[in-house]
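Heads up: the structure comes next, in structure tokens.
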Amino acid sequence: MRRLAYLFTALLTGLVSFGLAFCAEQSDSTSQTPSDQQAKTSHHKLHIKKGSRDDINAIGNRNIVIDQNWYSPAKELEIGKQDVRFVEQNMKFVDDAAVNEYIIRLAQNLVRNSDAKVPFTIKVVDTDEVNGFSLPGGFLYVNSGLILDCENEAELAGVMAHAIAHVAAHHAVRLLTRERIANVLNQPLISATPDPRSDGARLTTGLMFLKFHRLYEEEANYFGIQYLYKAGYDPTAFVARLERDYKRNPAKPGTLSAAFADQPLPVERLTAAKKEIARILPPADHLIVNTPEFDAVKARLAASKTPQPKDAQRLQ
């Protein structure tokens, strides 16, 4: 159980496989006064209940956990620290002050615009693996390979927002809670003969956890989109990540592999994101796609990965 939180969260945050599509109609800022635009935004999506999981204006002041969680914030932090010691044993971190400062600043902006109520520790991992993940209690890891794979800052921010959403929604400890409930419900009765239902019970329990893996991944997608938008980023810039992943993994709903998948399929993520954005995100101007800082950091990382000529190595 000690490692389940880490294994679950790392599994859910293979974060290169999700993206967004922005379908809300954009307003023409050249034909509207600031007061007109403000009025349109404030009255947009009037069907949304104030303070609900759909209300982006309530981010940070709403309860997004809808099922049981038996772990206190202190216990969740303790689990996270245990996982940190485990995962960092073989990690190498990027030793570049400019890169680290940029990623930390980007992450903290997303955290401020999220439902997370814990301070975050952010580290950049020196690895070519295109990934990023979070651990319970507020620990965020961003791989250098992920930064290099992103085409703009909004893509990178979307990946990080997704990981932050896992922490904000307490997914790791909610899954641990589910495991404890299942252990109680599946306690075997004392019997002299094997229970013929035992294999079926194990299969049912396994399928139940697949269900919750998918549910929590869908929640991280849902809230991550909101945090990305709330922090000022344009979701349309992030759809390319999902489109690229879909080309790599064109699995369709209804297939055997899809039935036993622990994450939503890329096409399912895209469909859900379109519905969410059209339903709850108001139109906004001046959303960020990219910044010169992202390009500079990406260039620094790329240069550090480029092998030096042999002559240059001898001179060092």
ILVMFWY network linking Tyr227 to Val289, side-chain heavy atoms under 4.5 angstrom:
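Result: no, two separate clusters.
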
Is Leu287 linked to Ile59 within one hydrophobic cluster, defined over Ile, Leu, Val, Met, Phe, Trp and Tyr using a side-chain heavy-atom separation of less than 4.5 Å?
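Cluster IDs for Leu287 and Ile59 match.
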
Does any part of the side chain of [Y], heavy atoms only, come nearer than 4.5 Å to the side chain of [X], both counted from C-beta?
| X | Y | answer |
| --- | --- | --- |
| Phe133 | His166 | no |
| Tyr233 | Asn152 | no |
| Tyr71 | Pro136 | no |
| Leu281 | Ile225 | yes |
| Ile66 | Glu219 | yes |
| Asp83 | Phe139 | no |

Is it true that Asp54 and Lys49 have a side-chain N and a carboxylate O under 4.0 angstrom from each other?
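Looking at Lys49 together with Asp54, the answer is no, because their closest N to O distance does not fall below 4.0 Å.
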
Taking it one step at a time, do His162 and Glu217 satisfy side chain to side chain donor-acceptor pair (under 3.5 Å)?
CA-CA 9 Å; His162 178 101; Glu217 184 68 11; 3.0 Å; yes

Please determine whether side chain to side chain contact (heavy atoms under 4.5 Å, CB included) holds for the pair Arg174 and Arg178, giving the CA-CA distance in whole Å, both sets of side-chain angles, and the decisive distance to 0.1 Å.
CA-CA 6 Å; Arg174 285 164 65 188; Arg178 290 287 175 181; 5.8 Å; no

Measure the [atom1]-[atom2] distance between [X] and [Y] for me, rounded to the nearest 0.5 Å.
| X | Y | atom1 | atom2 | answer |
| --- | --- | --- | --- | --- |
| Glu276 | Asn221 | CD | CG | 8.5 Å |
| Arg53 | Ile64 | CZ | CD1 | 7.0 Å |
| Leu228 | Leu156 | CG | CG | 10.5 Å |
| His170 | Tyr216 | NE2 | OH | 11.5 Å |

Report, one line per pair, each donor and acceptor closer than 3.5 Å where one atom sits in a side chain of residues 93-104; sequence neighbours left out.
| residue | atom | partner | partner atom | Å |
| --- | --- | --- | --- | --- |
| Asp96 | OD1 | Ala98 | N | 3.0 |
| Asp96 | OD1 | Val99 | N | 3.2 |
| Asp96 | OD1 | Arg300 | NE | 3.4 |
| Asp96 | OD1 | Arg300 | NH2 | 3.1 |
| Asp96 | OD2 | Arg300 | NE | 3.2 |
| Asp96 | OD2 | Arg300 | NH2 | 3.0 |
| Asn100 | ND2 | Val94 | O | 2.9 |
| Asn100 | ND2 | Asp96 | O | 3.0 |
| Glu101 | OE1 | Arg105 | NH2 | 3.1 |
| Glu101 | OE2 | Arg105 | NE | 2.9 |
| Tyr102 | OH | Glu153 | OE1 | 2.6 |

Kindly determine whether Ile147 and Val124 satisfy side chain to side chain contact (heavy atoms under 4.5 Å, CB included), including the steps that lead there.
CA-CA 10 Å; Ile147 301 170; Val124 184; 4.2 Å; yes

As a test of understanding, state which of Lys230, Gln226, Gln108 forms a side chain to side chain contact (heavy atoms under 4.5 Å, CB included) with Asn113.
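Among Lys230, Gln226, Gln108, the one meeting side chain to side chain contact (heavy atoms under 4.5 Å, CB included) with Asn113 is Lys230.
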
Reference residue Asn143; test side chain to side chain contact (heavy atoms under 4.5 Å, CB included); the match among Val130, Thr127, Val159, Asp128:
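Looking at Val130, Thr127, Val159, Asp128, the match for Asn143 under the side chain to side chain contact (heavy atoms under 4.5 Å, CB included) is Thr127.
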
Please test Glu78 against Lys75 for salt bridge (charged side-chain N to carboxylate O under 4.0 Å, His left out), starting from the C-alpha separation and ending with a verdict.
CA-CA 5 Å; Glu78 179 185 337; Lys75 184 61 178 178; 3.5 Å; yes

Quick one: does any side-chain atom of Thr177 pair with a main-chain N or O of Trp70 as donor and acceptor, under 3.5 Å?
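Flag set: sc Thr177 to bb Trp70 pair under 3.5 Å.
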
Between Lys305 and Asp126, does the salt bridge (charged side-chain N to carboxylate O under 4.0 Å, His left out) criterion hold? Intermediate values first, please.
CA-CA 10 Å; Lys305 301 286 185 180; Asp126 188 3; 2.6 Å; yes

